[in-house]
Amino acid sequence: MKYSTRLIAAILVVTAGAAALIAQRGGGPQLRDPIPQGSRVQYKTFHSELVGRDLSYALYLPPSYDSSTRKYPVLYFLHGLNENEMRWSTRGGADLLLDKLIAEKKLGEFIVAIPAVDPSSFYTNARSGGAPWEDVVVKEFIPMVESTYRVNATRATRAISGISMGGYGSLKIAMKHPEMFSAVSAHSAALVPSFDNTTVSGRRLDMFKALFDRIYGINFAGPQDLTYWAANDPLTLAKNTAKFQGMKIYFDCGTEDEYGFYDGLKVLDDTLTKASFPHESHLYPGMHGWDFAKQHIEQSLLFHGKAFGGN
């Protein structure tokens, strides 16, 4: 089997994230962003029994939260590769944008909760065990948020979103657990339609193989086994729209995305279109990451506000 050059480039970035994680686990402090002026996002920790340590998370509470007794919808947001829970605010400016949209009565209020996970986990339970990052989100983080804060914990008022690796994670988790989420969105999701056409070899290819072998147990040395990859691939999961229960779906990507993830967007769009499944798919000018996403995160926030029932 062959592998796309763009995919290899993307995976090389992933391996850099894995190296950063190793450094963090070696005892060095995780790099933290400066908190933007005016941000009301809170940064906290919770204990994960599944990975045996405290994990950080960010929490956006809407302006009326402290003066109200109401319960709010919640949007779970998944960060990208080699990122943490801070980037939604510090790179995306999404919290200040939310405040503005709410003040202008363009959007109803909801909570946003962002877990910090292994930055090269792809929000996937490692096939070999010992790194259950999908379960951390689904079985620990979401229940913790909904038992700690005033959340209207129903499917209709629960949604998930993400960027890049987190866009992959949000689509995958929503499609695997559609009974939990009424809506999902993704910016620049790391969607890989095929492993074709590459001349990459040597040490770089070894790093690529090691990363995906670690998570999905593909065994690039052969014989290859793509069953676990397929079981966690949004492009495969999207073929079974009957189980989505009317879930609302939004995704976008840049036409100059340097990792070629627009190819995956096109495949996902085609799959859902052929199934006559309603969704929003957008290709906008731009490259990968937050410089692209911050230009369009208003669209996804408004999408979720509408999915939660409007203003």
Side-chain angles (χ1 to χ4, degrees), residues 1-15 17-18 21 50-51 78 81 117-139 160 162 164-181 184 186 189-198 200-201 204-245 247 249 251 259-261 263-272 274-275 277:
M1 185 174 290
K2 300 178 180 179
Y3 307 91
S4 73
T5 303
R6 288 192 297 264
L7 175 62
I8 295 294
I11 300 311
L12 294 179
V13 177
V14 174
T15 58
L21 176 65
L50 288 172
V51 296
L78 306 183
L81 171 73
V117 303
D118 175 329
S120 61
S121 68
F122 275 76
Y123 298 90
T124 298
N125 296 337
R127 187 174 188 174
S128 61
W133 291 104
E134 178 182 321
D135 285 350
V136 167
V137 174
V138 173
K139 297 181 179 180
I160 191 166
S164 189
M165 180 186 81
Y168 164 95
S170 66
L171 290 167
K172 182 198 73 163
I173 288 174
M175 290 176 180
K176 289 181 70 175
H177 306 278
E179 75 285 354
M180 293 182 63
F181 304 98
V184 57
L191 300 175
V192 181
S194 64
F195 298 127
D196 294 324
N197 304 322
T198 184
V200 174
S201 61
R204 288 188 173 184
L205 186 56
D206 289 341
M207 288 190 295
F208 163 76
K209 292 175 179 178
L211 175 69
F212 275 85
D213 278 347
R214 175 175 65 83
I215 300 172
Y216 301 100
I218 293 174
N219 185 26
F220 287 101
Q224 293 179 15
D225 180 357
L226 293 170
T227 55
Y228 196 66
W229 167 269
N232 289 278
D233 179 12
L235 300 183
T236 302
L237 296 167
K239 296 176 182 179
N240 187 11
T241 56
K243 67 182 290 187
F244 291 173
Q245 305 175 40
M247 184 168 58
I249 301 176
F251 48 96
Y259 307 127
F261 292 145
D263 287 338
L265 176 143
K266 293 174 183 176
V267 171
L268 181 57
D269 181 35
D270 288 346
T271 299
L272 295 175
K274 289 176 182 177
F277 191 88

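Remember, it's a predicted structure, so these values are computed and weren't measured experimentally.
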Indicate the atoms forming the closest heavy-atom contact of [X] with [Y], along with that distance.
X: Ala189; Y: Gly167; result: CB-C, 3.7 Å
X: Ala238; Y: Phe244; result: CA-CZ, 3.9 Å
X: Leu50; Y: Val136; result: CD1-N, 3.8 Å
X: Ile215; Y: Ser121; result: CD1-O, 4.0 Å
X: Gly162; Y: Ser170; result: N-OG, 3.7 Å

Quiz prompt | Residue among Leu237, Leu191, Leu235 satisfying side-chain contact (heavy atoms from CB on, under 4.5 Å) with Leu171 | solution = Leu191

Side-chain heavy-atom pair [X], [Y] within 4.5 angstrom cut-off:
X: Pro119; Y: Leu81; value: no
X: Met175; Y: Thr241; value: no
X: Val138; Y: Met180; value: yes
X: Val192; Y: Trp229; value: yes

Exercise. Classify the angle between the aromatic ring planes of Tyr216 and Tyr228 as parallel (below 30°), tilted (30 to 60°) or perpendicular (above 60°).
Key: tilted

Self-check item: Steps toward side chain to side chain contact (heavy atoms under 4.5 Å, CB included) verdict (Leu78, Ile160)
Solution: CA-CA 8 Å; Leu78 306 183; Ile160 191 166; 4.0 Å; yes

Quiz prompt | From CA spacing to verdict: side chain to side chain contact (heavy atoms under 4.5 Å, CB included), Leu272, Phe251 | solution = CA-CA 12 Å; Leu272 295 175; Phe251 48 96; 3.8 Å; yes

Just by modelled atom types, is the [Y] backbone N or O under 3.5 Å from a matching donor or acceptor in the [X] side chain?
X: Asn219; Y: Asp225; result: no
X: Asn125; Y: Trp133; result: yes
X: Thr236; Y: Pro234; result: no

Practice problem: State plainly whether the residues Lys176 and Glu134 are in salt-bridge range, i.e. N to O under 4.0 Å. | Solution: yes

Quiz item: Does any donor atom in the side chain of Thr271 or Asp269 lie under 3.5 Å from an acceptor atom in the other side chain?
Solution: no

Quiz item: Between Arg214 and Ser120, does any side-chain donor sit less than 3.5 Å from a side-chain acceptor?
Solution: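 Arg214 vs Ser120: donor-acceptor pair found between side chains.
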
Quiz item: Does the side chain to side chain contact (heavy atoms under 4.5 Å, CB included) test come out yes or no for Asp233 and Lys172, once each step is laid out?
Solution: CA-CA 7 Å; Asp233 179 12; Lys172 182 198 73 163; over 6 Å; no

Exercise. Verify the ring-centre separation between Tyr123 and Tyr168: is it less than 6.0 angstrom?
Key: no

Self-check item: Straight-line distance of Leu268 CG to Asp263 CG, nearest 0.5 Å
Solution: 12.5 Å

